[in-house]
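Input: a single structure, listed below in structure tokens.
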Amino acid sequence: MKKINVPLIIVILMIAAFLIGYGSKNGSSVGLFGGQKAERLAQNAVDYINQNFLASTGGEATLGSINEESGVYKFTILINGVEYTSYITKDGKILFPDGVPLAAESETEGTEENVQREPKTCEDLAKSNEPILEAFIVSQCPFGTQMQRVLNEIVKNIPELKDYIKIEYIGSIQNGKITAMHGDEEAEEHLRQICIREEQKDKYWNYIDCYLKEGKSEQCLESAAVLMTTLNQCLEDKSRGLKYAQLDFNAQEEYGITGSPTLILNKENVSEFDFGGRTAEAVKTVICCGFNSTPDFC
């Protein structure tokens with residue numbers, strides 16, 4: 001297989017974003033991560049790379065997570081299952097294929113941020129008789145919905161595992177209403193999914209399965225047989241819907257969640273990429289590794 005030059009791939013990512021029509025507007029640079037469509041633009045660029053640069057090499061690039069760190073955006077690119085970290089300024093004009101910490105060696109040596117982390121194994125993960133995998137997502141983020149699709153596939157294939165999975169939502173409550181990364185529409189969807197999860201648990205995965213296909217909430221509420229009176233009461237009653245949402249946001253703060261998706265197994269951060277990537281098989285392995293005694297359905 002042809003060797004892939006990773007820094008070159010990252011440069012291509014920037015070039016591709018411009019080639020597919022998102023790089024400039026009225027002669028001025030438009031930041032790759034600027035605005036609410038940042039993730040979608042980045043994903044379009046990765047798709048462009050796969051179609052035009054990696055198809056003939058046997059390689060594959062996928063976009064991992066995007067977080068804010070030290071005033072810039074930190075993001076990951078996955079190539080053939082190997083994760084690479086890069087940084088980009090918030091205006092999208094300067095790309096850093098790598099970061100060099102400027103703190104003195106004595107101050108940084110041994111810290112998690114500056115030591116190459118060894119992938120965790122099943123034995124490394126926290127165990128419980130009743131493990132819980134918490135998946136923190138943003139409901140209209142392509143990476144968040146990617147994780148929801150993975151979890152939905154797991155639930156379809158191994159229904160017993162749904163009792164050990166909880167999707168939680170990233171956001172906050174300001175002035176008595178939810179705020180979310182992509183605006184009011186996403187905030188409303190957060191609350192809708194939270195209310196169904198909490199008060200009509202048996203409808204939740206059917207709704208998610210439908211919503212992930214086309215994002216048509218009204219049709220999906222009908223197809224999932226969601227009880228609308230109950231849902232509307234939850235949406236309108238702040239002692240119900242907003243109270244449930246605040247618990248998600250409290251957990252977000254407790255775990256220091258900064259990116260969608262983030263996985264927490266038995267109250268410890270875990271990466272699906274240590275177990276093969278953002279796939280149903282990898283995430284199923286993570287959940288099953290959380291049991292003290294592995295059940296037969298694993």
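Here, residue 1 is the first one in the sequence, and each next residue gets the next number. Remember, predicted model here, so these are calculated numbers, not experimental data. Just so you know, these numbers use all the heavy atoms, side chains as well, and skip hydrogens, waters and symmetry mates.
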Please report the interatomic distance CD1(Ile137) to CG(Asp248), rounded to the nearest 0.5 Å. 9.5 Å
Within-4.5 Å side-chain heavy-atom neighbours: Leu221 and Tyr207: yes
Is the side chain of Arg278 donor-acceptor paired with the backbone N or O of Val150 at a distance under 3.5 Å, no angle test? no
Would you check if there is a donor-acceptor pair between the side chains of Thr121 and Glu123 at a distance under 3.5 Å? yes
Between Asn266 and Ala126 the two heavy atoms that sit nearest each other are ND2-O, 2.8 Å
In terms of hydrophobic clusters joined by side-chain contacts under 4.5 Å, are Ile132 and Ile154 together? no
Output, in order, the C-alpha distance, side-chain angles, deciding distance and verdict of side-chain contact (heavy atoms from CB on, under 4.5 Å) for Glu281 and Asn157. CA-CA 11 Å; Glu281 182 60 30; Asn157 291 324; over 6 Å; no
All ring-ring contact (aromatic ring centres under 6.0 Å, His included) counterparts of Phe275, not counting sequence neighbours: none
Which pair of non-hydrogen atoms, one from Ala245 and one from Ile178, has the smallest distance, and what is that distance? CB-CD1, 3.7 Å
Which residues pass the side-chain contact (heavy atoms from CB on, under 4.5 Å) test with Glu222, not counting sequence neighbours? none
What closest approach, in Å, do Phe136 and Ala251 show between heavy atoms, and which atom pair accounts for it? CZ-CB, 3.8 Å
Side-chain donor-acceptor pair under 3.5 Å between Gln246 and Asn250, yes or no? yes
Taking the side chain as every heavy atom from C-beta outward, state whether Lys284 and Cys288 have any pair of such atoms under 4.5 Å apart. yes
Leu151 and Ile208, any side-chain heavy atoms less than 4.5 Å apart: no
Which residue in the set Gln193, His190, Glu189 passes side-chain hydrogen bond (donor to acceptor under 3.5 Å, both in side chains) when paired with Tyr169? Gln193
Do the side chain of Glu199 and the main chain of Leu231 share a donor and acceptor less than 3.5 angstrom apart? no
Could you tell me which residues satisfy side-chain contact (heavy atoms from CB on, under 4.5 Å) with Thr229, sequence neighbours excluded, listed by chain and number? Gln233
Which pairs with one or both residues in residues 150-170 pass salt bridge (Lys or Arg N to Asp or Glu O under 4.0 Å), sequence neighbours excluded? Lys156-Asp209
Any side-chain heavy atom of Asp124 sitting closer than 4.5 Å to one from Glu268? no
Are the side chain of Asn206 and the backbone N or O of Ala225 linked by a donor-acceptor pair below 3.5 Å? no
If you compare all heavy atoms of Leu242 against all heavy atoms of Ile173, which two are closest, and at what distance to 0.1 Å? O-CD1, 3.5 Å
Listed by chain and number, what are the salt bridge (Lys or Arg N to Asp or Glu O under 4.0 Å) partners of Glu214, not counting sequence neighbours? Lys216
Got a sec, which residues hit ring-ring contact (aromatic ring centres under 6.0 Å, His included) with Phe297, two or more places apart in sequence or on another chain? none
Between the side chain of Lys127 and the main-chain N/O of Cys289, is any donor-acceptor distance below 3.5 Å? yes
Under 3.5 Å, is there a donor-acceptor pair between the side chain of Glu272 and the main chain of Val286? no
Verify whether one side chain among Tyr211 and Gln148 offers a donor that lies under 3.5 Å from an acceptor in the other. no
Side chain to side chain, Ile167 and Met147, heavy atoms closer than 4.5 Å: no
Heavy-atom count check: over 12 atoms from other residues, nucleotides or ligands less than 6.0 Å from Lys177 NZ? no
Tell me if a side-chain donor or acceptor on Glu134 pairs with a main-chain N or O of Ile264 at a distance below 3.5 Å. no
